[in-house]
Amino acid sequence: MIHLLFVGDGALDSAVIPYLVENIVGTTVQAESVSWARLHGDKVGHGYKRRVLFAIRQARVRRLQGLVATVDADKDQPRKRLQQLREGRQADRAKSSHLPVALGEAVPHLEAWLLDDPVAVREAMELTPNESIPTVRRTKNPKDILQELLSQSARSGDRPLVVWPEIARKVSLNRCTHAEETGFKDFAEDSRVELGPLVSGKVK
């Protein structure tokens, strides 16, 4: 088990991302979570470089083993937020001891990572095997598609906050055929590089 701080856009991110990380690195995760909006500090500022620097400090203060920080993509400038997160991580490493920090940007948002695995969606929503699951490439709003599928499923009475984590538990990167486009592939690779040593016991 590894003990991590997760920073994301809200309650859904806090409920979903830890399960995706567990699948990626192959171990259970004890998660502490905070949203970007609730990340406070005198010098946090509005840019993601400063915010992730503050989040890294928070992970150290809490004596956690690492940080996982994710954002939804900027509609006008995809990968801009991810670049800022990476700059923050690099700035921290230039002056502080190494802390594993996995970064990811979901394009256009977190639900794209879930929708891209139709098997996980079908199983979690208890859909029939022949139920058509639109591909991420064919929709501009994966969030709306998942909501629509849920409303037509046997679990229509359950909230996304309950169902989305169950999808995440079942997600396999090998089945996500558009992972490069959604940013999930980069996130998975970064998670393995940053968090893998915690699992193997070979921390820098």
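Bear in mind the structure is a predicted one, so any value in this text is a computation, not a measurement.
Inter-residue side-chain proximity for L67 and L4 is flagged as unmet; no heavy-atom pair is nearer than 4.5 Å. Here the side chains of V16 and I167 are not in contact, with every heavy-atom distance at 4.5 Å or above. V29 is listed as a side-chain neighbour of F6, based on a closest heavy-atom distance under 4.5 Å. Proximity of E181 to H178: side-chain heavy atoms (C-beta onward) are separated by under 4.5 Å at one or more points.
Because its NZ or CZ atom is both nearer than 6.0 Å to the ring centre of Y48 and within 45° of the ring axis, R51 counts as a cation-pi partner of that residue.
Under 4.0 Å is where a charged nitrogen must lie from a carboxylate oxygen, and between K80 and D74 no such pair does. Looking at D116 and R137, no side-chain N of the basic residue comes within less than 4.0 Å of a carboxylate O on the acidic one, giving no salt bridge. A salt bridge is absent between R86 and D190; no separation between the charged side-chain nitrogens and carboxylate oxygens falls under 4.0 Å. A salt bridge links R155 to E166: at least one charged side-chain nitrogen sits closer than 4.0 Å to a carboxylate oxygen. A salt bridge is defined here as a Lys NZ or Arg NE, NH1 or NH2 lying under 4.0 Å from an Asp or Glu carboxylate O, and R93 with E194 meets this definition. Ion pairing of R79 with E105 is absent here, as no side-chain N (NZ or NE/NH1/NH2) approaches a carboxylate O to less than 4.0 Å.
Linking ILVMFWY residues whenever their side-chain heavy atoms come closer than 4.5 Å, directly or via other members, leaves Y19 and L150 in distinct clusters. The same ILVMFWY cluster, assembled from side-chain heavy atoms under 4.5 Å apart, contains both F184 and I145. V193 is not connected to V25 by any chain of hydrophobic side-chain contacts under 4.5 Å among Ile, Leu, Val, Met, Phe, Trp and Tyr, and they are in different clusters. Connection of L20 to L161 is established within a shared hydrophobic cluster, with ILVMFWY side chains joined at heavy-atom distances below 4.5 Å, either directly or through further cluster members. Cluster annotation: V163 is connected to L110 through the hydrophobic network of ILVMFWY side chains, with a link wherever side-chain heavy atoms come within less than 4.5 Å.
Taking both residues in full, the closest heavy atoms of L64 and L99 are given as O-CD1, 3.8 Å, listed atom of the first, atom of the second, then distance. Contact between V107 and A73 at its shortest, heavy atoms only, is CG2-CB, 4.0 Å. Closest heavy-atom contact between T70 and W36: O-NE1, 2.8 Å.
The backbone N or O of L53 lies less than 3.5 Å from no partner atom in the side chain of D92, so there is not a single donor-acceptor pair. Without hydrogens or angle criteria, E111 side chain to P142 main chain gives no donor-acceptor distance under 3.5 Å. For the pair R60 (side chain) and S97 (backbone), a donor-acceptor distance under 3.5 Å is present. Remark: the backbone N or O of D72 is paired with a side-chain donor or acceptor of D9 at under 3.5 angstrom.
Between W113 and F187, the ring planes lie parallel to each other; the angle is under 30°, not in the 30° to 60° tilted range.
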Audit row: K170, V119, side chain to side chain contact (heavy atoms under 4.5 Å, CB included) steps and yes/no: CA-CA 8 Å; K170 300 173 182 292; V119 174; over 6 Å; no
Residues R169, E22; criterion salt bridge (Lys or Arg N to Asp or Glu O under 4.0 Å); working and verdict: CA-CA 8 Å; R169 286 185 180 189; E22 285 186 347; over 6 Å; no
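Not counting sequence neighbours, R122 has no partner by the side chain to side chain donor-acceptor pair (under 3.5 Å) test.
Between T139 atom OG1 and L146 atom CG the span is 9.0 Å, to the nearest 0.5 Å.
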Taking distance alone, no hydrogens or angles, what donor-acceptor pairs closer than 3.5 Å link side-chain atoms of residues 124-136 to residues at least two apart or in another chain?
from : atom 1 : to   : atom 2 : distance (Å)
T128 : OG1    : N130 : OD1    : 2.7
T135 : OG1    : R138 : N      : 3.4

